[in-house]
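These notes are about the structure you will find just below.
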Amino acid sequence: MPRASHPPLDLDFDAPSEVVARALIGVTLLVDGVGGRIVETEAYDRDDPASHTFGGPTPRNAAMFGPSGRAYVYRSYGIHWCLNVVCREAGHGAGVLIRAIEPTMGIARMQARRGLDDLRLLCAGPGRVGQALGIDGSFNGKALDAPPFVLIPIDGEQPAVQVEVGPRIGISKAADVPWRFGEKGSRFLSKPFRTVPRAV
DNA sequence: AGGTAGATGTTCT
DNA sequence: GAACATCTACCTA
């Protein structure tokens, strides 16, 4: 039977970022009612050469050193806005990059923002997610359990989400660390997971 | 299918 | 000045 409100999220944002990154797969993320199911994430941590927090606190990464469960939004390549979920206790400097979403809510709105109809490419990549959800720098530091954000847990009645793991994308340091997570078989990923070795 | 280049701005050395 | 947690368009097959 339908519920009037959602149960509390079974997510501990103080957990290590790779744990949170995996747990977020299948969770629905909405911004002003627009978004869908998270199908791809990446974990970053303080002692991680690929992380923005590797060198310690700076003005840009301040939100990553703040309380968990808030947003860290940064500008990528001067063009895109990318959204992270801050993890660990305040001061630690860990987070999860939201890399891809399966569009379910406010699809027309996202298509208009992206100037693109193809559902598969609507939110398939961190920059695309940012554009589709209307993320910009003003969201940096905002709590994810309060408007305009909504996080909806995985329905316990549904079969468990199958998660694949692989190396992170688009980084040059620690490129072999398997901290990319995605829903197995999803067609909304930014890139497929290569479970089978490429043919020679 | 896969490679390359260019856009565009902020951050940090 | 270099690097960058990216995306798109435009090549070549």
Side-chain angles (χ1 to χ4, degrees), chain A residues 13 16-22 24-25 29 38-66 68 70-88 92-103 110-142 144 164-183 187-200:
Chain A
F13 292 116
S17 49
E18 70 271 25
V19 173
V20 176
R22 175 184 276 271
L24 279 173
I25 302 300
L29 168 67
I38 298 171
V39 294
E40 184 182 338
T41 60
E42 280 177 2
Y44 290 87
D45 202 357
R46 170 63 196 267
D47 292 319
D48 170 5
S51 174
H52 287 173
T53 56
F54 183 62
T58 65
R60 173 177 66 160
N61 65 25
M64 281 274 271
F65 287 96
S68 67
R70 312 250 266 243
Y72 165 52
V73 176
Y74 70 94
R75 185 88 108 151
S76 176
Y77 291 89
I79 302 169
H80 309 103
W81 294 104
C82 297
L83 173 66
N84 293 255
V85 180
V86 177
C87 300
R88 295 282 199 145
H92 183 96
V96 173
L97 174 66
I98 307 300
R99 283 197 57 91
I101 285 175
E102 173 183 338
M110 294 191 278
Q111 288 171 326
R113 284 172 175 156
R114 296 266 299 114
L116 176 79
D117 285 343
D118 188 352
L119 283 187
R120 190 151 99 123
L121 296 175
L122 210 49
C123 306
R128 292 163 172 168
V129 168
Q131 187 180 24
L133 301 200
I135 299 291
D136 63 38
S138 69
F139 291 79
N140 190 38
K142 287 198 175 185
L144 289 157
E164 286 187 295
V165 183
R168 295 173 292 184
I169 292 179
I171 57 172
S172 55
K173 298 162 196 165
D176 50 335
V177 178
W179 272 3
R180 174 176 177 238
F181 302 88
E183 180 177 24
R187 52 186 275 258
F188 301 99
L189 301 171
S190 67
K191 277 191 165 121
F193 285 78
R194 299 234 93 103
T195 54
V196 183
R198 266 201 30 144
V200 290

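These figures come from a predicted structure and were not determined experimentally. Note: hydrogens, waters and symmetry copies are ignored here, and every other heavy atom, side chains too, is used. Chain identifiers are assigned alphabetically (A, B, ...) following the order of the sequence lines, protein sequences preceding nucleic acid strands; residue numbering begins at 1 within each chain.
- Residues passing the side chain to side chain contact (heavy atoms under 4.5 Å, CB included) test with A:Pro16, sequence neighbours excluded: A:Glu18, A:Val19, A:Arg88.
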Atom pairs under 3.5 Å, N or O on each side, protein against nucleotides 7-11 of chain C: can you list them with distances?
from, atom 1, to, atom 2, distance (Å)
C:dC7, OP1, A:Gly125, O, 3.4
C:dC7, OP1, A:Pro126, N, 3.2
C:dC7, OP1, A:Gly127, N, 2.8
C:dC7, OP1, A:Arg128, N, 3.2
C:dC7, O4', A:His80, NE2, 3.1
C:dT8, OP1, A:Arg114, NH1, 3.1
C:dT8, OP1, A:Arg114, NH2, 3.1
C:dT8, OP2, A:Arg128, NE, 2.8
C:dT8, OP2, A:Arg128, NH2, 2.2

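- In this view, A:Thr53 and A:Ser51 satisfy the side chain to side chain donor-acceptor pair (under 3.5 Å) rule, not counting sequence neighbours.
- In this model, no side-chain donor or acceptor of A:Tyr77 finds a partner on the base of B:dA7 within 3.5 Å.
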Can I get a per-line list of side-chain donor-acceptor pairs under 3.5 Å for residues 120-137 of chain A, giving both atom names and the distance, sequence neighbours left out?
from, atom 1, to, atom 2, distance (Å)
A:Arg128, NH1, A:Ala124, O, 2.8
A:Gln131, OE1, A:Arg114, NH1, 2.8
A:Gln131, NE2, A:Arg113, O, 3.2
A:Asp136, OD1, A:Ser138, N, 2.7
A:Asp136, OD1, A:Ser138, OG, 2.5

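- With sequence neighbours excluded, the residues forming a side chain to side chain contact (heavy atoms under 4.5 Å, CB included) with A:Pro49 are A:Phe54, A:Lys173, A:Ala174, listed by chain and number.
- Between the CZ atom of A:Arg194 and the C1' atom of B:dA1 there is a distance of 11 Å, rounded to whole Å.
- Atoms CG (A:Leu97) and P (C:dC4) sit 16 Å apart, rounded to a whole Å.
- Residues A:Leu83 and A:Leu29 have side chains in contact (heavy-atom distance under 4.5 Å, counting atoms from C-beta outward).
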For DNA chain B, please output the secondary structure as dot-bracket, reading 5' to 3'. Pairs are Watson-Crick or G-U wobble, both atom distances under 3.5 Å; mark crossing pairs with [ ], other-strand partners with |, unpaired with a dot. |||||||.||||.

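- When the side chain to side chain contact (heavy atoms under 4.5 Å, CB included) test is applied to A:Pro57, the partners found at least two apart in sequence or on another chain are A:Asn61, A:Phe65.
- One atom, OH of A:Tyr74, and another, C1' of C:dT6, lie 8 Å apart when rounded to the nearest Å.
- A:Arg187 pairs by the side chain to side chain donor-acceptor pair (under 3.5 Å) definition with nothing, not counting sequence neighbours.
- Under the side chain to side chain donor-acceptor pair (under 3.5 Å) criterion, A:His80 pairs with no residue, sequence neighbours left out.
- The distance between atom CG of A:Asn140 and atom P of B:dT11, rounded to the nearest whole Å, is 10 Å.
- The side chain of A:Met64 sits closest to C:dA5 out of C:dC4, C:dA5, C:dT6.
- Sorted by first then second residue, the salt bridge (Lys or Arg N to Asp or Glu O under 4.0 Å) pairs that include residues 40-65 of chain A, not counting sequence neighbours, are A:Glu40-A:Arg99, A:Glu40-A:Arg180, A:Glu42-A:Arg99, A:Asp48-A:Arg168.
- A:Phe139 pairs by the ring pair (Phe, Tyr, Trp, His ring centres under 6.0 Å) definition with A:Phe149, not counting sequence neighbours.
- Crowding of A:Lys191 atom NZ: a count of heavy atoms from other residues, nucleotides or ligands under 6.0 Å not exceeding 12.
- Per the geometry, CZ belonging to A:Arg75 stands 6 Å off P belonging to B:dT10, to the nearest Å.
- The interatomic distance linking A:Trp81 (CH2) with B:dT8 (P) rounds to 16 Å, in whole Å.
- Listed in residue order, the members of residues 48-61 of chain A having a heavy atom less than 4.0 Å from DNA chain B are A:Thr58, A:Pro59, A:Arg60.
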